[in-house]
Amino acid sequence: MSTKYKIINVVGARPNFMKIAPIMEAMRKEPSFEPLLTHTGQHYDEEMSKLFFQQLEIPKPDIDLEVGSASHAQQTAEIMRRFEPVLLEHKPRLVVVVGDVNSTIACTLVATKLHIKVAHVEAGLRSFDRSMPEEINRLLTDAISDYLFITEGSAHQNLVREGIPEHKIHFVGNVMIDTLLKNSRQAATSPILQQLGLDNGQDYAVLTLHRPGNVDFKDTLERILTAIHEVARRLPVIFPVHPRTKKQIQQFGLEYMLSPAATNPPPAACPPGIYYVNPLGYLDFLRLTSKAKLVLTDSGGLQEETTVLGIPCITLRENTERPVTVSRGTNVIVGTDRERIIAESQKALSGRAKKGQIPEKWDGLAADRIVQVLKQGIA
Ligand code: UD1
């Protein structure tokens with residue numbers, strides 16, 4: 001009988017799901033691999049988790065750790081505590097982690113201490129802002145992983161500067177874009193534009209906000225929403241609200257700045273204003289962003305997706321760990337200054353946004369490249 005290598009893939013939070021989908025698919029086609037999926041349960045709501053499994057056809061997790069929400073220390077520790085027995089039982093040849101969430105570092109740390117090799121997908125990205133929890137997760141994960149799969153050239157420079165040997169670094173492209181390209185036809189059938197009264201060809205913008213630095217402080221959140229209010233005088237701004245942000249908006253009493261989106265019955269047209277909706281599934285969100293005139297966001301993944309879609313992206317942060325989206329793509333880093341948000345939005349709305357190009361190897365084949373590297377490495 002030929003040898004099968006057991007590989008444990010880890011997901012935890014929403015942005016992990018679109019990254020693991022193509023990796024699981026490519027691994028399942030490789031006869032020498034036996035891929036298993038662990039869901040830590042960092043995200044657990046239907047619309048933050050289950051919907052993505054269904055729409056992206058991710059196999060049901062083999063192992064559910066069900067950790068839920070807690071402080072950083074408690075959540076990270078609980079994932080570690082529950083993941084260790086999984087590795088002791090299955091003794092995998094390799095653990096694959098993606099992105100930069102607490103689940104990423106927690107599982108990497110457990111595997112490494114048990115002398116199990118770790119592959120980190122989306123390695124080497126750096127915002128150089130250590131107040132972001134993700135930056136700490138990225139630095140630590142990369143320092144102790146064995147395979148570092150990178151999406152852009154800056155990641156190579158960052159890793160080499162941090163003393164990572166070249167042979168560990170593999171430029172494979174972007175698995176998140178594998179998922180986008182695979183699902184774009186399906187997304188075109190989503191009814192979301194009709195539901196929101198946006199299917200008449202009118203212009204609209206999309207807003208997402210969830211970074212603690214933006215939503216956990218009343219002054220900052222209020223300043224951002226005030227600026228978006230100015231933008232929303234010209235066109236509707238659709239705002240799918242992340243659970244963290246929803247909690248903060250309620251706590252700070254800022255609900256008065258937003259209107260509920262009318263979906264039932266759908267309006268004939270959507271007048272200017274900021275409209276909140278619940279977090280959307282992958283296909284609805286891809287449809288919504290792909291037809292938007294403008295996206296305003298503090299998300300990392302959305303900076304990449306808008307670059308591939310050719311949609312102007314205004315990033316409401318002072319930095320990005322994904323500089324290729326600025327140097328080649330449609331992204332502009334604007335911060336949270338009111339005047340800059342308004343000025344850059346107006347530029348985009350009057351058709352003066354920069355035109356981008358698609359970064360190298362963001363071509364839908366990243367997961368296949370990862371599997372090829374791993375096949376040679378672990379056999
Ligand atoms: C996490 C990641 C962040 C990622 C984001 C994407 C870390 C440190 N942060 O941030 O990098 O960009 O996910 O969404 O790993 N909640 C729910 N339902 C859920 C999940 C969370 O209501 O399914 C609420 C809880 O009240 C929780 C809060 O949202 O306390 C924040 O969730 P948490 O997973 O701690 O961090 P995110 O802000 O989602």
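FYI, the numbering just counts along the sequence from 1.
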[X] side-chain N/O to [Y] backbone N/O, donor-acceptor pair under 3.5 Å:
X: Asp298; Y: Arg211; answer: yes
X: Lys117; Y: Arg93; answer: no
X: Gln357; Y: Arg328; answer: no
X: Asp284; Y: Leu280; answer: no
X: Arg223; Y: Thr336; answer: yes
X: His120; Y: Gly99; answer: yes
X: Ser145; Y: Asp142; answer: no
X: Thr189; Y: Gln186; answer: yes
X: Glu122; Y: Val98; answer: no
X: Ser299; Y: Gly301; answer: yes

Non-hydrogen atoms of [X] and [Y] that approach each other most closely:
X: Pro267; Y: Leu196; result: CG-O, 3.7 Å
X: Asp216; Y: Phe252; result: O-CZ, 3.5 Å
X: Thr320; Y: Arg322; result: OG1-N, 2.9 Å
X: Ala143; Y: Ile164; result: CA-CD1, 4.2 Å

Measuring only between side-chain heavy atoms, which start at C-beta, is [X] closer than 4.5 Å to [Y]?
X: Lys19; Y: Asp178; answer: no
X: Pro279; Y: Pro240; answer: no
X: Val95; Y: Leu87; answer: yes

What distance separates [X] [atom1] from [Y] [atom2], expressed to the nearest 0.5 Å?
X: Gln202; Y: Asn200; atom1: CD; atom2: CG; value: 4.5 Å
X: Leu294; Y: Ile314; atom1: CG; atom2: CD1; value: 4.5 Å
X: Asp219; Y: Ile224; atom1: CG; atom2: CD1; value: 11.0 Å

**OP:** Apply side-chain hydrogen bond (donor to acceptor under 3.5 Å, both in side chains) to Thr297 and Thr208, showing your working.
**Re:** CA-CA 5 Å; Thr297 190; Thr208 81; 2.6 Å; yes
Subject >> His39 and Phe17 aromatic ring geometry - parallel, tilted or perpendicular at 30°/60° bounds >> reply: perpendicular
Subject >> Ser69/Tyr44 under side-chain hydrogen bond (donor to acceptor under 3.5 Å, both in side chains): CA gap, chis, key distance, verdict >> reply: CA-CA 9 Å; Ser69 303; Tyr44 43 84; 2.8 Å; yes
Subject >> Evaluation steps, side-chain hydrogen bond (donor to acceptor under 3.5 Å, both in side chains), between Arg317 and Asn319 >> reply: CA-CA 6 Å; Arg317 288 171 44 191; Asn319 51 53; 3.0 Å; yes
Residues, nucleotides or ligands: over 12 heavy atoms within 6.0 Å of [X] [atom1]:
X: Lys168; atom1: NZ; result: yes
X: Lys375; atom1: NZ; result: no
X: Lys50; atom1: NZ; result: no
X: Glu57; atom1: CD; result: no
X: Arg130; atom1: CZ; result: no

Original post:
Could you go step by step and tell me if Leu309 and Leu286 meet the side chain to side chain contact (heavy atoms under 4.5 Å, CB included) rule?
Top reply: CA-CA 10 Å; Leu309 295 168; Leu286 178 54; 4.1 Å; yes
Original post:
Between Thr151 and Asn174, does any side-chain donor sit less than 3.5 Å from a side-chain acceptor?
Top reply: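 The answer is no; no qualifying pair exists.
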Original post:
Side chains of Glu305 and Thr289: is there a donor and an acceptor less than 3.5 Å apart?
Top reply: no
**OP:** Pick out which of Asp100, Thr104, Asn102 makes a side chain to side chain donor-acceptor pair (under 3.5 Å) with Asn137.
**Re:** Asn102
**OP:** Determine, stepwise, if the pair Tyr5 / Leu94 fulfils side chain to side chain contact (heavy atoms under 4.5 Å, CB included).
**Re:** CA-CA 8 Å; Tyr5 299 109; Leu94 179 80; over 6 Å; no
**OP:** May I ask you to check if Lys60 and Phe53 form a cation-pi contact, with NZ or CZ under 6.0 angstrom from the six-membered ring centre and within 45° of the axis?
**Re:**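 Negative - Lys60 is either too far from the ring of Phe53 or too far off its axis.
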Original post:
Is there a side-chain hydrogen bond (donor to acceptor under 3.5 Å, both in side chains) between Ser103 and Gln42 once you walk through the steps?
Top reply: CA-CA 7 Å; Ser103 303; Gln42 180 174 345; 2.7 Å; yes
Original post:
Checking side chain to side chain contact (heavy atoms under 4.5 Å, CB included) for the pair Thr38/Phe83: CA distance, chi angles, key distance, verdict?
Top reply: CA-CA 9 Å; Thr38 295; Phe83 191 52; 4.0 Å; yes
**OP:** Show the numbers, then the answer: is there a side chain to side chain contact (heavy atoms under 4.5 Å, CB included) between Leu225 and Leu258?
**Re:** CA-CA 9 Å; Leu225 290 177; Leu258 315 171; 4.3 Å; yes
